[in-house]
Amino acid sequence: HTAAMRHAQDWVDEVSSEIAANKRLLAGLLAEHLPATRYQPGEGTYLAWVDCSALGLEDPARAFLGRGRVAFSPGVNFSAAHRQWVRINLAASPGIITEAVLRMKASLDQGKH
């Protein structure tokens, strides 16, 4: 961290910009494909916390993995109060984030049949 701040400020700025763009991308994708979810971008982090309570899933992370083949960290691993949340790593390419949200949506569509 210290070396990055002292010797690689351009890199830090670029990564920060990419993460900010991924936060906007995720917010837009969720609004379009999974409007029942709630997501509020956090400052100073590359992790996104998405509240899936309104989706009616017993275990959102397990459902997305089993049906959509996309793995998220279950919120319950971090707090019992976040059983219906998933944690998404935004230090990824925009393509991966897009694919993850599309797989989330597809997994919900599969559950309806």
Side-chain angles (χ1 to χ4, degrees):
H1 177 261
T2 301
M5 297 305 284
R6 286 187 183 157
H7 307 292
Q9 189 60 49
D10 290 342
W11 176 83
V12 171
D13 293 343
E14 182 179 339
V15 168
S16 295
S17 177
E18 289 174 4
I19 296 297
N22 284 346
K23 288 177 184 182
R24 290 188 300 274
L25 174 65
L26 179 63
L29 289 167
L30 291 173
E32 179 181 350
H33 298 286
L34 298 162
T37 61
R38 292 185 334 179
Y39 167 60
Q40 179 64 44
E43 292 186 32
T45 182
Y46 61 91
L47 300 170
W49 292 93
V50 179
D51 181 355
C52 300
S53 300
L55 299 179
L57 301 170
E58 182 178 333
D59 183 341
R62 181 174 285 156
F64 294 138
L65 179 60
R67 289 189 235 148
R69 306 290 296 156
V70 59
F72 300 121
S73 298
V76 71
N77 287 358
F78 307 94
S79 168
H82 291 95
R83 184 165 301 284
Q84 292 295 308
W85 294 61
V86 295
R87 186 181 80 169
I88 301 173
N89 187 327
L90 295 171
S93 72
I96 289 175
I97 293 168
T98 300
E99 180 72 18
V101 172
L102 294 177
R103 286 180 182 214
M104 291 170 75
K105 172 69 170 139
S107 73
L108 293 178
D109 292 343
Q110 284 179 5
K112 293 177 185 176
H113 304 306

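Remember, predicted model here, so these are calculated numbers, not experimental data. Atom set for the values below is all heavy atoms of this structure, side chains included, hydrogens, waters and symmetry mates excluded.
Atom OG1 of Thr37 is separated from atom CD of Gln84 by 12.5 Å, given to the nearest 0.5 angstrom. Here the CG atom belonging to Leu55 is positioned 8.5 Å from the OG atom belonging to Ser107, to the nearest 0.5 angstrom. Here CD of Glu99 is found 12.0 Å from CD1 of Ile97. Values are rounded to the nearest 0.5 Å. Note that the CH2 atom of Trp85 and the CZ atom of Arg38 stand 5.5 Å from one another [nearest 0.5 Å]. Note that NZ of Lys105 is 11.0 Å distant from CZ of Phe64, once rounded to the nearest 0.5 Å. The CZ atom of Arg103 lies 10.5 Å from the CD atom of Gln110; values are rounded to the nearest 0.5 Å.
Minimum interatomic distance between Asn22 and Ala92 (heavy atoms only, all atoms of both residues): ND2-O, 2.8 Å. Pairing each heavy atom of Leu108 with each of Leu34, the nearest pair is CD1-CD2, 3.2 Å. Residues Val70 and Ala100 approach most closely at CG2-CB, 3.7 Å, considering heavy atoms.
Checking each of Leu25, Ile88, Val50 against Leu30 for a side chain to side chain contact (heavy atoms under 4.5 Å, CB included) leaves exactly one that passes, namely Val50.
Side-chain atoms of Lys23 never come within 3.5 Å of backbone atoms of Ala48 as a donor-acceptor pair (strictly under, hydrogens ignored).
Proximity of Phe72 to Pro60: side-chain heavy atoms (C-beta onward) are nowhere separated by under 4.5 Å. Put simply, the side chain of Val15 reaches to within 4.5 Å of the side chain of Ile19, judged on heavy atoms. In this structure, the side chains of Leu29 and Met104 stay at 4.5 Å or more apart for every pair of heavy atoms.
A donor-acceptor pair shorter than 3.5 Å can be found between the side chains of Asp13 and Gln9.
Between His82 and Trp49, the angle of the ring planes lies from 30° to 60°, which puts this pair in the tilted group.
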